[in-house]
S.K.: 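Structure incoming, see below.
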Amino acid sequence: MPDLSQTKLNHKLTLRIIEMTLVTLVFSLLARPILAELHPYYFWIAIFDIIITSSLYLVVRSNKWPKWHISLSLISSLIIILPMLSISGGVNSQVAFFLPLYPIVGALIGGRLESRLMSLFLIVAVLFATIFNHSIINVSGEYYADNTSYLRGFWLILAIMFSAIFGQFFLNRYTELTKKLTAENLQDPLTELLNRRGLNLHFSLELEQAKETKSPFCLMLIDIDYFKKINDQYGHDVGDTCLIEVADRLNKGIQSHHYLARFGGEEFIIVLPNTHLLEAEKIAEQLRQTIEDSHFSHLKLPITITLGIARLHGERDNALKIIKRADKALYRGKEKGRNRIELEN
Ligand SMILES: Nc1nc2c(ncn2[C@@H]2O[C@H](COP(=O)(O)OP(=O)(O)OP(=O)(O)O)[C@@H](O)[C@H]2O)c(=O)[nH]1
């Protein structure tokens with residue numbers, strides 16, 4: 001699901017960029033005659049550009065077609081520059097130096113597809129402009145030999161291709177980093193299991209699906225018994241190693257459609273979609289036995305766990321209520337002497 005605040009931020013950012021473009025266009029329209037004597041065509045192109053940019057601003061501000069904002073912005077940016085290019089010498093125009101920036105802008109504000117389409121369009125446009133250079137009006141009246149035009153066309157295409165490759169490279173790195181950051185954000189650094197945030201993503205989805213399909217759904221809370229003693233007697237480092245090893249044993253004891261997470265401290269949680277209470281109890285018993293039979297850290301310490309299990313009770317049940325029932329069961333297990341499994345009442 002898209003993040004609402006992120007979408008709002010993107011919308012605001014797009015509006016600010018269009019406003020800045022508008023200010024630049026109006027400023028250049030007013031300031032140009034002071035700086036240089038220009039052909040009247042430039043005046044009309046500036047007016048045309050201001051109309052296009054203002055229309056884009058109104059469309060983006062109305063927020064009626066949010067999906068099209070990026071495509072419309074990129075198309076508008078091309079519409080703004082192309083008339084200027086076609087009256088100022090095509091590939092020989094000074095404005096042509098801006099063209100290689102377009103694939104990068106496409107990659108930055110759009111993505112792979114936008115950047116590729118932009119590059120392809122520009123390469124075809126530059127090819128045409130180079131071949132039909134004689135037909136392009138040059139209001140400055142300067143003349144360029146064919147050789148110069150071919151050479152400029154060649155370098156321009158090369159620069160556009162290079163910028164397109166750079167855009168793709170940037171996107172690859174960006175995707176890689178985002179994936180890594182997301183994973184880190186959802187992972188417990190010590191045990192490398194899902195953390196609460198990571199679990200919540202799967203938990204809410206699986207719970208909704210279980211309600212929709214009316215399939216069984218269970219949740220298991222697991223707490224290491226007397227863990228404080230391990231820390232106090234052998235130190236925090238040994239405690240950490242035990243936590244990592246317990247997490248590893250639990251992870252190996254569940255199936256691929258189960259979700260194990262560190263719930264906090266020495267407590268773990270397992271979400272069991274498509275699992276009946278009796279099946280969950282069986283899995284819990286196997287986990288309890290595995291931990292009881294193992295030894296932990298280089299000191300070969302014995303550890304036991306207590307487990308509380310709850311199941312989904314119909315449409316009106318929710319995550320918090322299920323966790324609360326599992327926690328109550330776990331508490332009962334602790335009271336009854338630990339190293340045992342308790343089901344919800
Ligand atoms: N080494 C280590 N200890 C932790 C970590 N997180 C929590 N703990 C310790 O876990 C212990 C939990 O202690 P208690 O809540 O009293 O529970 P317990 O000693 O396991 O006793 P019962 O749960 O009643 O069986 C505390 O000593 C915490 O400091 C951690 O990341 N690393």
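Order of appearance sets the numbers: ligands from 1, and atoms from 1 within every ligand.
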S.K.: Counting only heavy atoms closer than 4.0 Å, does ligand 1 sit against the backbone of R262, its side chain, both, or neither?
M.R.: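 Contact part for R262 vs ligand 1: side chain (C-beta onward).
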S.K.: Considering the heavy atoms of K334, write down every atom of ligand 1 situated less than 4.0 Å from one of them.
M.R.: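 Ligand 1 atoms under the 4.0 Å threshold to K334: 22 (P), 23 (O), 25 (O).
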S.K.: Any cation-pi pair here, R116 with F121, using under 6.0 Å and within 45°?
M.R.: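 No - R116 does not lie over the ring of F121 by the 6.0 Å and 45° rule.
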S.K.: Answer yes or no on whether R311 is positioned over the face of F217, meaning its NZ or CZ is under 6.0 Å from the six-membered ring centre and within 45° of the axis.
M.R.: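 No, R311 and F217 do not form such a contact.
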S.K.: What do we get for D223 next to ligand 1 when only non-hydrogen atoms under 4.0 Å count, side chain, backbone, both or neither?
M.R.: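 The answer is the side chain.
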S.K.: Would you say that L260 contacts L194 through its side chain, given a criterion of any heavy-atom pair below 4.5 Å between the two side chains?
M.R.: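 With C-beta onward as the side chain, the pair stays apart.
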S.K.: For R338, counting its heavy atoms only, list the atoms of ligand 1 lying under 4.0 Å from any of them.
M.R.: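 Heavy-atom distances to R338 below 4.0 Å select 22 (P), 24 (O), 25 (O).
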S.K.: Could you find the nearest protein heavy atom to atom 32 (N) of ligand 1 and give me its residue, atom name and distance?
M.R.: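 The answer is D240 OD1, 2.7 Å.
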S.K.: Identify whether NZ of Lys or CZ of Arg in K334 sits under 6.0 Å from the centre of the six-membered ring of Y331 and within 45° of that ring's axis.
M.R.: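 No cation-pi geometry.
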S.K.: Write out the residue and atom name of the closest protein heavy atom to atom 19 (O) of ligand 1, then the distance separating them to 0.1 Å.
M.R.: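 It is K228 N, 2.8 Å.
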S.K.: Taking the side chain as C-beta and beyond, is there a heavy-atom pair between L307 and L330 under 4.5 Å?
M.R.: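 In short, these two side chains do not touch, never coming nearer than 4.5 Å.
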S.K.: Using a 4.5 Å cut-off between side-chain heavy atoms of Ile, Leu, Val, Met, Phe, Trp and Tyr, which other residues end up in the same hydrophobic cluster as L117?
M.R.: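 L117 shares its hydrophobic cluster with L113.
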S.K.: Can you pull out the closest protein heavy atom to atom 17 (O) of ligand 1? Residue, atom name and distance to 0.1 Å, please.
M.R.: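 Result for atom 17 (O) of ligand 1: E266 OE1, 3.7 Å.
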S.K.: Within a radius of less than 6.0 Å around CZ of F227, do more than 12 heavy atoms belonging to other residues, nucleotides or ligands occur?
M.R.: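 Correct, the count exceeds 12.
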S.K.: Indicate yes or no: does R332 engage E335 in a salt bridge with an N to O separation below 4.0 Å.
M.R.: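 Looking at R332 and E335, the cut-off is not met.
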S.K.: For ligand 1, which atoms, with element, lie under 4.0 Å from some heavy atom of G265?
M.R.: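 Under 4.0 Å from G265, ligand 1 has these atoms: 6 (N), 7 (C).
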S.K.: Identify the closest protein heavy atom to atom 21 (O) of ligand 1: which residue and atom is it, and at what distance?
M.R.: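 It is Y226 N, 3.6 Å.
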S.K.: Does E344 pair with K328 as a salt bridge, N-O distance under 4.0 Å?
M.R.: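 No.
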S.K.: Could you list the atoms of ligand 1 found under 4.0 angstrom from a heavy atom of G239?
M.R.: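 Answer for ligand 1: 1 (N).
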S.K.: Pick whichever of N339, I303, N231, L330 has a heavy atom sitting closest to atom 9 (C) of ligand 1.
M.R.: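 Selected option, by shortest heavy-atom distance: N231.
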S.K.: Going by the atom numbers of ligand 1, which of them fall below 4.0 Å from some non-hydrogen atom of I224?
M.R.: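 With I224 as reference, the close atoms of ligand 1 come out as 20 (O), 23 (O), 25 (O).
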S.K.: Please list the nearest protein heavy atom to atom 18 (P) of ligand 1 with its residue and the distance rounded to 0.1 Å.
M.R.: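 It is F227 N, 3.4 Å.
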